[in-house]
Amino acid sequence: MVDNQIHTPGMNSGSTVVALCGGIGGAKLALGLYRVLDPNTLTVIINTGDDFEHLGLYISPDIDTVTYTLADKNNQEAGWGRRDETWNFMAALAELGGETWFALGDRDLAIHIERSRRLKAAEGLGEITADISSKFDIAAQLLPMSDDPVATTIQTSAGRLTFQDYFVRLKCEPVVEKVFYEEAHSAVPHAEVLASLHQADLRCIVICPSNPFLSIDPILSVPGIRDTMVASPAPVIGVSPIIDGHAVKGPTAKMMAELSLPSTAQAVAEHYDELLDGYVIDIADRDNSNEMHIPVRVTRTLMNSIEDRENLAREVISFADSVKASDNNQANQVDTAC
Ligand code: GDP
(Lines give C-alpha, C1' and ligand atoms only; values in the text may rest on other atoms or scores of the structure.)
Protein backbone atom coordinates (compact mmCIF):
# COMPACT_ATOMS: atom_id res chain seq x y z
CA MET A 1 0.00 0.00 0.00
CA VAL A 2 1.39 3.44 -0.86
CA ASP A 3 1.97 5.72 2.09
CA ASN A 4 -0.03 8.67 0.73
CA GLN A 5 -3.48 7.14 1.22
CA ILE A 6 -6.09 8.88 3.29
CA HIS A 7 -9.51 7.73 4.33
CA THR A 8 -12.20 10.31 4.28
CA PRO A 9 -14.35 10.41 7.38
CA GLY A 10 -17.99 9.93 6.58
CA MET A 11 -17.39 8.24 3.23
CA ASN A 12 -18.91 4.81 2.94
CA SER A 13 -15.77 2.74 2.38
CA GLY A 14 -17.64 -0.56 2.63
CA SER A 15 -18.99 -0.61 -0.88
CA THR A 16 -17.17 -0.91 -4.15
CA VAL A 17 -16.44 1.55 -6.93
CA VAL A 18 -15.51 0.76 -10.54
CA ALA A 19 -13.73 3.34 -12.70
CA LEU A 20 -13.18 3.17 -16.47
CA CYS A 21 -10.11 4.98 -17.68
CA GLY A 22 -7.43 5.58 -20.26
CA GLY A 23 -4.07 7.09 -19.46
CA ILE A 24 -3.20 10.62 -18.47
CA GLY A 25 -6.59 12.22 -17.63
CA GLY A 26 -8.20 9.03 -16.40
CA ALA A 27 -5.31 8.07 -14.15
CA LYS A 28 -5.50 11.44 -12.37
CA LEU A 29 -9.03 10.76 -11.16
CA ALA A 30 -8.27 7.08 -10.55
CA LEU A 31 -5.56 8.27 -8.15
CA GLY A 32 -8.01 10.62 -6.43
CA LEU A 33 -10.48 7.76 -5.96
CA TYR A 34 -7.69 5.49 -4.74
CA ARG A 35 -6.71 8.00 -2.09
CA VAL A 36 -10.17 8.91 -0.76
CA LEU A 37 -11.74 5.45 -0.80
CA ASP A 38 -10.66 2.29 0.94
CA PRO A 39 -8.25 1.32 -1.89
CA ASN A 40 -9.28 -2.34 -1.68
CA THR A 41 -12.77 -1.35 -2.81
CA LEU A 42 -11.65 0.27 -6.08
CA THR A 43 -11.50 -1.53 -9.43
CA VAL A 44 -10.04 0.28 -12.45
CA ILE A 45 -10.95 -1.05 -15.89
CA ILE A 46 -8.24 0.14 -18.27
CA ASN A 47 -8.23 0.71 -22.02
CA THR A 48 -5.94 -1.61 -24.00
CA GLY A 49 -6.86 -0.33 -27.46
CA ASP A 50 -3.54 1.60 -27.49
CA ASP A 51 -1.48 -1.55 -26.87
CA PHE A 52 1.07 -2.39 -29.52
CA GLU A 53 4.24 -4.28 -30.24
CA HIS A 54 7.39 -2.23 -30.56
CA LEU A 55 11.02 -3.37 -30.72
CA GLY A 56 9.71 -6.88 -30.06
CA LEU A 57 8.05 -5.79 -26.81
CA TYR A 58 4.35 -5.74 -25.91
CA ILE A 59 3.56 -2.22 -24.68
CA SER A 60 0.38 -1.35 -22.82
CA PRO A 61 0.59 2.44 -22.31
CA ASP A 62 -2.61 3.02 -20.32
CA ILE A 63 -2.07 0.06 -17.97
CA ASP A 64 1.45 1.37 -17.33
CA THR A 65 0.28 4.95 -16.70
CA VAL A 66 -2.36 3.79 -14.20
CA THR A 67 0.10 1.39 -12.54
CA TYR A 68 2.84 4.00 -12.13
CA THR A 69 0.32 6.64 -11.00
CA LEU A 70 -1.31 4.50 -8.29
CA ALA A 71 2.12 3.27 -7.16
CA ASP A 72 3.27 6.91 -6.83
CA LYS A 73 6.07 6.24 -9.30
CA ASN A 74 4.77 8.31 -12.21
CA ASN A 75 6.29 11.29 -13.94
CA GLN A 76 3.61 13.83 -13.07
CA GLU A 77 4.88 16.54 -15.44
CA ALA A 78 4.90 14.32 -18.52
CA GLY A 79 1.75 12.41 -17.45
CA TRP A 80 3.33 9.13 -18.69
CA GLY A 81 6.39 7.11 -17.80
CA ARG A 82 8.26 6.82 -14.53
CA ARG A 83 9.63 9.48 -12.24
CA ASP A 84 13.44 9.73 -11.90
CA GLU A 85 13.85 7.98 -15.24
CA THR A 86 17.13 7.64 -17.13
CA TRP A 87 17.47 7.29 -20.89
CA ASN A 88 20.66 5.32 -21.55
CA PHE A 89 18.84 2.68 -23.60
CA MET A 90 17.32 5.29 -25.95
CA ALA A 91 20.69 7.01 -26.38
CA ALA A 92 22.37 3.70 -27.19
CA LEU A 93 19.56 2.78 -29.59
CA ALA A 94 19.93 6.12 -31.38
CA GLU A 95 23.67 5.43 -31.82
CA LEU A 96 22.71 2.23 -33.63
CA GLY A 97 20.24 4.12 -35.85
CA GLY A 98 17.32 2.27 -34.21
CA GLU A 99 13.71 3.44 -33.93
CA THR A 100 13.51 6.18 -31.30
CA TRP A 101 10.10 7.79 -32.00
CA PHE A 102 8.54 5.99 -29.02
CA ALA A 103 10.42 6.85 -25.83
CA LEU A 104 11.21 3.97 -23.48
CA GLY A 105 13.03 4.87 -20.29
CA ASP A 106 15.50 2.51 -18.66
CA ARG A 107 13.29 1.68 -15.66
CA ASP A 108 10.14 1.62 -17.78
CA LEU A 109 11.75 -1.02 -20.02
CA ALA A 110 11.55 -3.55 -17.21
CA ILE A 111 7.74 -3.66 -17.24
CA HIS A 112 7.63 -4.16 -21.03
CA ILE A 113 10.27 -6.88 -21.01
CA GLU A 114 8.67 -8.74 -18.12
CA ARG A 115 5.15 -8.47 -19.57
CA SER A 116 6.32 -9.60 -23.01
CA ARG A 117 8.15 -12.58 -21.55
CA ARG A 118 5.08 -13.68 -19.62
CA LEU A 119 2.71 -13.17 -22.56
CA LYS A 120 5.01 -15.36 -24.69
CA ALA A 121 4.73 -17.98 -21.94
CA ALA A 122 0.93 -17.88 -22.56
CA GLU A 123 -0.03 -15.99 -19.38
CA GLY A 124 -3.03 -13.65 -19.75
CA LEU A 125 -2.68 -9.86 -19.73
CA GLY A 126 -5.04 -9.63 -16.74
CA GLU A 127 -3.00 -12.07 -14.67
CA ILE A 128 0.23 -10.24 -15.51
CA THR A 129 -1.32 -6.82 -14.77
CA ALA A 130 -2.58 -8.02 -11.38
CA ASP A 131 0.78 -9.51 -10.52
CA ILE A 132 2.78 -6.42 -11.52
CA SER A 133 0.40 -4.14 -9.61
CA SER A 134 0.80 -6.30 -6.50
CA LYS A 135 4.60 -6.03 -6.88
CA PHE A 136 4.05 -2.24 -6.81
CA ASP A 137 1.92 -2.64 -3.62
CA ILE A 138 -1.22 -1.32 -5.32
CA ALA A 139 -4.24 -2.30 -3.25
CA ALA A 140 -6.84 -1.54 -5.94
CA GLN A 141 -7.78 -4.06 -8.61
CA LEU A 142 -6.36 -3.07 -12.02
CA LEU A 143 -7.98 -4.83 -14.96
CA PRO A 144 -7.36 -4.70 -18.70
CA MET A 145 -10.72 -4.43 -20.48
CA SER A 146 -9.95 -7.79 -22.10
CA ASP A 147 -7.17 -10.33 -22.40
CA ASP A 148 -7.92 -10.38 -26.13
CA PRO A 149 -6.35 -7.90 -28.54
CA VAL A 150 -8.48 -4.91 -29.57
CA ALA A 151 -6.63 -2.38 -31.75
CA THR A 152 -7.78 1.21 -32.02
CA THR A 153 -7.07 2.42 -35.56
CA ILE A 154 -7.92 5.76 -37.07
CA GLN A 155 -9.06 6.73 -40.56
CA THR A 156 -7.42 10.12 -41.18
CA SER A 157 -6.49 12.60 -43.87
CA ALA A 158 -3.15 10.72 -43.95
CA GLY A 159 -4.84 7.32 -44.44
CA ARG A 160 -5.68 4.54 -41.98
CA LEU A 161 -3.26 4.74 -39.06
CA THR A 162 -2.47 2.55 -36.10
CA PHE A 163 -3.09 4.31 -32.80
CA GLN A 164 0.58 4.95 -31.96
CA ASP A 165 1.34 6.16 -35.48
CA TYR A 166 -1.43 8.73 -35.10
CA PHE A 167 -0.84 9.64 -31.47
CA VAL A 168 2.93 9.53 -30.99
CA ARG A 169 4.65 9.41 -34.36
CA LEU A 170 2.37 11.94 -36.13
CA LYS A 171 1.53 13.86 -32.90
CA CYS A 172 -2.25 13.76 -33.62
CA GLU A 173 -1.79 16.11 -36.59
CA PRO A 174 -3.80 14.24 -39.28
CA VAL A 175 -7.51 15.06 -39.44
CA VAL A 176 -9.59 12.26 -37.90
CA GLU A 177 -12.43 10.89 -40.04
CA LYS A 178 -13.42 7.72 -38.18
CA VAL A 179 -12.16 5.58 -35.30
CA PHE A 180 -12.21 1.77 -35.41
CA TYR A 181 -11.80 -0.81 -32.63
CA GLU A 182 -10.45 -3.73 -34.58
CA GLU A 183 -11.30 -7.23 -33.40
CA ALA A 184 -13.52 -5.81 -30.64
CA HIS A 185 -16.47 -7.91 -31.82
CA SER A 186 -14.60 -11.12 -31.05
CA ALA A 187 -13.02 -9.91 -27.78
CA VAL A 188 -14.29 -11.20 -24.47
CA PRO A 189 -14.27 -8.92 -21.43
CA HIS A 190 -11.81 -9.98 -18.78
CA ALA A 191 -13.85 -12.18 -16.39
CA GLU A 192 -13.18 -9.86 -13.46
CA VAL A 193 -14.46 -6.89 -15.49
CA LEU A 194 -18.00 -8.24 -15.64
CA ALA A 195 -17.72 -9.57 -12.08
CA SER A 196 -16.76 -6.10 -10.83
CA LEU A 197 -19.71 -4.51 -12.64
CA HIS A 198 -22.07 -7.14 -11.17
CA GLN A 199 -20.91 -6.73 -7.55
CA ALA A 200 -23.92 -6.64 -5.23
CA ASP A 201 -22.46 -3.75 -3.20
CA LEU A 202 -21.43 -1.63 -6.20
CA ARG A 203 -21.72 2.01 -5.16
CA CYS A 204 -21.10 3.63 -8.55
CA ILE A 205 -19.36 3.31 -11.90
CA VAL A 206 -17.19 6.28 -12.82
CA ILE A 207 -16.25 7.16 -16.38
CA CYS A 208 -13.06 9.11 -15.80
CA PRO A 209 -12.25 12.28 -17.78
CA SER A 210 -10.51 10.32 -20.52
CA ASN A 211 -10.70 10.75 -24.29
CA PRO A 212 -14.15 9.31 -25.18
CA PHE A 213 -13.06 8.01 -28.60
CA LEU A 214 -9.56 6.76 -27.84
CA SER A 215 -9.83 5.62 -24.23
CA ILE A 216 -13.44 4.92 -23.16
CA ASP A 217 -15.12 3.76 -26.40
CA PRO A 218 -12.56 0.95 -26.87
CA ILE A 219 -13.60 -0.38 -23.45
CA LEU A 220 -17.29 -0.01 -24.31
CA SER A 221 -16.69 -1.74 -27.66
CA VAL A 222 -15.92 -5.05 -25.93
CA PRO A 223 -19.21 -6.97 -26.08
CA GLY A 224 -21.04 -7.08 -22.78
CA ILE A 225 -19.38 -4.18 -20.98
CA ARG A 226 -21.69 -1.37 -22.10
CA ASP A 227 -24.84 -3.49 -21.69
CA THR A 228 -23.79 -4.51 -18.18
CA MET A 229 -23.22 -0.86 -17.26
CA VAL A 230 -26.59 0.23 -18.64
CA ALA A 231 -28.34 -2.57 -16.73
CA SER A 232 -26.49 -1.89 -13.48
CA PRO A 233 -28.54 -0.52 -10.58
CA ALA A 234 -25.44 1.45 -9.56
CA PRO A 235 -25.30 4.99 -10.97
CA VAL A 236 -22.92 5.59 -13.87
CA ILE A 237 -21.24 8.97 -13.44
CA GLY A 238 -19.21 10.59 -16.22
CA VAL A 239 -16.64 13.33 -15.68
CA SER A 240 -16.05 15.70 -18.58
CA PRO A 241 -12.59 15.69 -20.15
CA ILE A 242 -13.51 19.00 -21.82
CA ILE A 243 -13.28 22.24 -19.86
CA ASP A 244 -14.55 25.44 -21.46
CA GLY A 245 -14.34 23.95 -24.95
CA HIS A 246 -10.77 22.72 -24.55
CA ALA A 247 -9.04 19.46 -23.68
CA VAL A 248 -6.64 19.83 -20.78
CA LYS A 249 -4.16 17.71 -22.73
CA GLY A 250 -4.27 15.67 -25.91
CA PRO A 251 -6.46 15.65 -29.02
CA THR A 252 -10.00 15.23 -27.58
CA ALA A 253 -11.31 18.71 -28.56
CA LYS A 254 -9.49 18.66 -31.91
CA MET A 255 -10.96 15.23 -32.72
CA MET A 256 -14.46 16.36 -31.78
CA ALA A 257 -14.25 19.29 -34.19
CA GLU A 258 -12.94 16.98 -36.92
CA LEU A 259 -15.78 14.53 -36.27
CA SER A 260 -18.27 17.45 -36.66
CA LEU A 261 -19.15 17.50 -32.98
CA PRO A 262 -19.10 20.65 -30.87
CA SER A 263 -16.04 20.60 -28.60
CA THR A 264 -18.11 20.88 -25.43
CA ALA A 265 -18.65 19.02 -22.20
CA GLN A 266 -22.30 18.59 -23.22
CA ALA A 267 -21.36 16.89 -26.50
CA VAL A 268 -19.29 14.33 -24.57
CA ALA A 269 -22.33 13.56 -22.38
CA GLU A 270 -24.51 13.21 -25.47
CA HIS A 271 -21.92 10.88 -26.96
CA TYR A 272 -22.25 8.57 -23.93
CA ASP A 273 -26.02 8.92 -24.22
CA GLU A 274 -28.13 6.49 -22.16
CA LEU A 275 -25.09 5.17 -20.35
CA LEU A 276 -24.91 8.12 -17.96
CA ASP A 277 -27.02 8.61 -14.83
CA GLY A 278 -25.13 11.75 -13.86
CA TYR A 279 -22.42 14.02 -15.26
CA VAL A 280 -19.76 16.16 -13.63
CA ILE A 281 -18.72 19.34 -15.43
CA ASP A 282 -16.32 22.13 -14.63
CA ILE A 283 -17.36 25.44 -13.11
CA ALA A 284 -16.22 27.07 -16.37
CA ASP A 285 -19.15 25.26 -18.08
CA ARG A 286 -21.78 25.99 -15.44
CA ASP A 287 -23.89 28.07 -17.87
CA ASN A 288 -24.54 24.94 -19.94
CA SER A 289 -25.68 22.76 -17.05
CA ASN A 290 -29.39 23.45 -17.65
CA GLU A 291 -29.20 22.17 -21.21
CA MET A 292 -28.36 18.63 -20.11
CA HIS A 293 -31.11 16.13 -19.52
CA ILE A 294 -29.44 14.23 -16.71
CA PRO A 295 -28.43 15.31 -13.20
CA VAL A 296 -25.30 17.47 -13.38
CA ARG A 297 -22.77 18.38 -10.69
CA VAL A 298 -20.76 21.54 -11.30
CA THR A 299 -17.38 21.63 -9.60
CA ARG A 300 -13.71 22.29 -10.22
CA THR A 301 -12.54 19.43 -12.44
CA LEU A 302 -9.05 20.66 -13.31
CA MET A 303 -6.66 18.36 -11.44
CA ASN A 304 -3.33 20.09 -11.05
CA SER A 305 -2.49 19.02 -7.52
CA ILE A 306 -3.03 15.87 -5.49
CA GLU A 307 -5.65 17.77 -3.48
CA ASP A 308 -7.51 18.57 -6.75
CA ARG A 309 -7.60 14.85 -7.56
CA GLU A 310 -8.91 13.99 -4.09
CA ASN A 311 -11.49 16.79 -4.07
CA LEU A 312 -12.87 15.77 -7.46
CA ALA A 313 -13.00 12.13 -6.35
CA ARG A 314 -15.00 13.12 -3.24
CA GLU A 315 -17.39 15.22 -5.37
CA VAL A 316 -17.92 12.34 -7.80
CA ILE A 317 -18.69 9.86 -5.02
CA SER A 318 -21.02 12.20 -3.13
CA PHE A 319 -22.78 13.10 -6.40
CA ALA A 320 -23.20 9.39 -7.22
CA ASP A 321 -24.71 8.81 -3.78
CA SER A 322 -27.17 11.68 -4.28
CA VAL A 323 -28.15 10.43 -7.76
CA LYS A 324 -28.77 6.99 -6.26
CA ALA A 325 -30.76 8.46 -3.36
CA SER A 326 -32.98 10.50 -5.67
CA ASP A 327 -33.55 7.41 -7.87
CA ASN A 328 -34.62 5.50 -4.76
CA ASN A 329 -36.94 8.34 -3.70
CA GLN A 330 -38.57 8.43 -7.11
CA ALA A 331 -39.00 4.64 -7.05
CA ASN A 332 -40.59 4.91 -3.61
CA GLN A 333 -42.94 7.65 -4.82
CA VAL A 334 -44.01 5.47 -7.74
CA ASP A 335 -44.54 2.57 -5.31
CA THR A 336 -46.62 4.79 -3.04
CA ALA A 337 -48.64 6.10 -5.97
CA CYS A 338 -49.42 2.53 -6.99
P1 GDP B 1 -4.50 9.17 -22.67
O2 GDP B 1 -4.94 7.74 -22.82
O3 GDP B 1 -3.12 9.29 -22.12
O4 GDP B 1 -4.78 10.03 -23.85
O5 GDP B 1 -5.36 9.75 -21.48
P6 GDP B 1 -6.91 9.84 -21.23
O7 GDP B 1 -7.71 9.48 -22.43
O8 GDP B 1 -7.21 9.14 -19.95
O9 GDP B 1 -7.02 11.38 -20.92
C10 GDP B 1 -7.06 12.38 -21.93
C11 GDP B 1 -8.11 13.39 -21.54
O12 GDP B 1 -7.88 13.79 -20.19
C13 GDP B 1 -8.10 14.67 -22.34
O14 GDP B 1 -9.34 14.80 -23.00
C15 GDP B 1 -7.95 15.77 -21.30
O16 GDP B 1 -8.76 16.89 -21.54
C17 GDP B 1 -8.39 15.08 -20.04
N18 GDP B 1 -7.77 15.63 -18.85
C19 GDP B 1 -6.46 15.66 -18.55
N20 GDP B 1 -6.27 16.27 -17.36
C21 GDP B 1 -7.52 16.63 -16.91
C22 GDP B 1 -7.97 17.33 -15.75
O23 GDP B 1 -7.20 17.72 -14.89
N24 GDP B 1 -9.33 17.51 -15.64
C25 GDP B 1 -10.20 17.08 -16.61
N26 GDP B 1 -11.51 17.32 -16.43
N27 GDP B 1 -9.79 16.43 -17.72
C28 GDP B 1 -8.47 16.22 -17.87
Verify the neighbour count for atom CZ of Arg286: are there more than 12 heavy atoms of other residues, nucleotides or ligands below 6.0 Å?
no
Under 6.0 Å from the NE2 atom of His54, do we count more than 12 heavy atoms belonging to anything else shown?
yes
Main-chain N/O of [Y] paired to [X] side chain as donor or acceptor, under 3.5 Å:
| X | Y | value |
| --- | --- | --- |
| Gln199 | Ser196 | yes |
| Asp147 | Gly126 | yes |
| Glu99 | Leu55 | no |
| Ser240 | Ala265 | no |
| Ser116 | Leu57 | no |
| Thr228 | Gly224 | yes |
| Thr65 | Asp62 | no |
| Arg309 | Met303 | yes |
| Thr48 | Asp51 | no |
| Asp106 | Asn88 | yes |

Any side-chain heavy-atom pair from [X] and [Y] closer than 4.5 angstrom?
| X | Y | answer |
| --- | --- | --- |
| Ile132 | Thr129 | no |
| Glu291 | Gln266 | yes |
| Ile283 | Thr299 | no |
| Thr43 | Thr16 | no |
| Met229 | Ile207 | yes |
| Leu202 | Ser15 | no |
| Val150 | Glu183 | no |
| Leu104 | Ile59 | yes |

Hey, are Arg300 and Asp282 close enough for a salt bridge, meaning a charged N less than 4.0 Å from a carboxylate O?
no
Short N-O contact, Glu182 and Arg160, less than 4.0 angstrom
yes
Glu274 and side chain to side chain contact (heavy atoms under 4.5 Å, CB included): which partner among Val236, Ile294, Val230?
Val230
Over all heavy atoms of both residues, which pair between [X] and [Y] is shortest? Give the atoms and the distance, please.
| X | Y | result |
| --- | --- | --- |
| Ala187 | Ser146 | CB-OG, 3.9 Å |
| Met255 | Leu214 | SD-CD1, 3.6 Å |
| Cys21 | Gly26 | CB-CA, 3.7 Å |
| Ile243 | Ala284 | CG2-CB, 4.1 Å |
| Tyr166 | Pro174 | CE1-O, 3.7 Å |
| Pro189 | Ile225 | CB-CG1, 3.9 Å |

Connected via hydrophobic side-chain network under 4.5 Å: [X] and [Y]:
| X | Y | value |
| --- | --- | --- |
| Leu302 | Val280 | no |
| Leu259 | Ile216 | yes |
| Leu70 | Val36 | yes |
| Phe180 | Val176 | no |
| Ile154 | Leu261 | yes |

Could you go step by step and tell me if Asp308 and Leu312 meet the side chain to side chain contact (heavy atoms under 4.5 Å, CB included) rule?
CA-CA 6 Å; Asp308 292 336; Leu312 181 56; over 6 Å; no
Verdict with supporting geometry, Tyr58 and Lys120, side chain to side chain contact (heavy atoms under 4.5 Å, CB included):
CA-CA 10 Å; Tyr58 183 93; Lys120 282 201 182 93; over 6 Å; no
I'd like to know whether Arg297 forms a side-chain hydrogen bond (donor to acceptor under 3.5 Å, both in side chains) with Ser318, so could you lay out the CA-CA distance, the side-chain angles of the two residues, the decisive distance to 0.1 Å, and finally the verdict.
CA-CA 10 Å; Arg297 171 74 56 100; Ser318 83; 3.2 Å; yes
Just by distance, no angles: are the side chains of [X] and [Y] close enough, under 3.5 Å, to form a donor-acceptor pair?
| X | Y | answer |
| --- | --- | --- |
| Asp108 | Tyr68 | yes |
| Arg203 | Thr41 | no |
| Glu85 | Trp87 | no |
| His190 | Asp148 | no |

Would you check, one step at a time, whether the test side chain to side chain contact (heavy atoms under 4.5 Å, CB included) holds for Ile46 with Met145?
CA-CA 6 Å; Ile46 307 168; Met145 62 198 203; over 6 Å; no
Strictly under 6.0 Å, is that where the ring centroids of Tyr272 and Tyr279 end up?
no
Working for salt bridge (charged side-chain N to carboxylate O under 4.0 Å, His left out), residues Asp72 and Arg83
CA-CA 9 Å; Asp72 195 22; Arg83 194 182 307 147; 3.0 Å; yes
Once you round to the nearest 0.5 Å, how far does OG of Ser232 lie from CG of Asp227?
12.5 Å
CG/Asn47 to SG/Cys208 distance, rounded to the nearest 0.5 angstrom?
12.0 Å
Can you tell which of Arg115, Arg107, Arg82, Lys73 makes a salt bridge (charged side-chain N to carboxylate O under 4.0 Å, His left out) with Asp64?
Arg115
Could you check Phe163, Phe102, Phe167 and say which one makes a ring-ring contact (aromatic ring centres under 6.0 Å, His included) with Phe52?
Phe102
I'd like to know whether Thr69 forms a side chain to side chain contact (heavy atoms under 4.5 Å, CB included) with Lys28, so could you lay out the CA-CA distance, the side-chain angles of the two residues, the decisive distance to 0.1 Å, and finally the verdict.
CA-CA 8 Å; Thr69 302; Lys28 285 185 185 174; over 6 Å; no
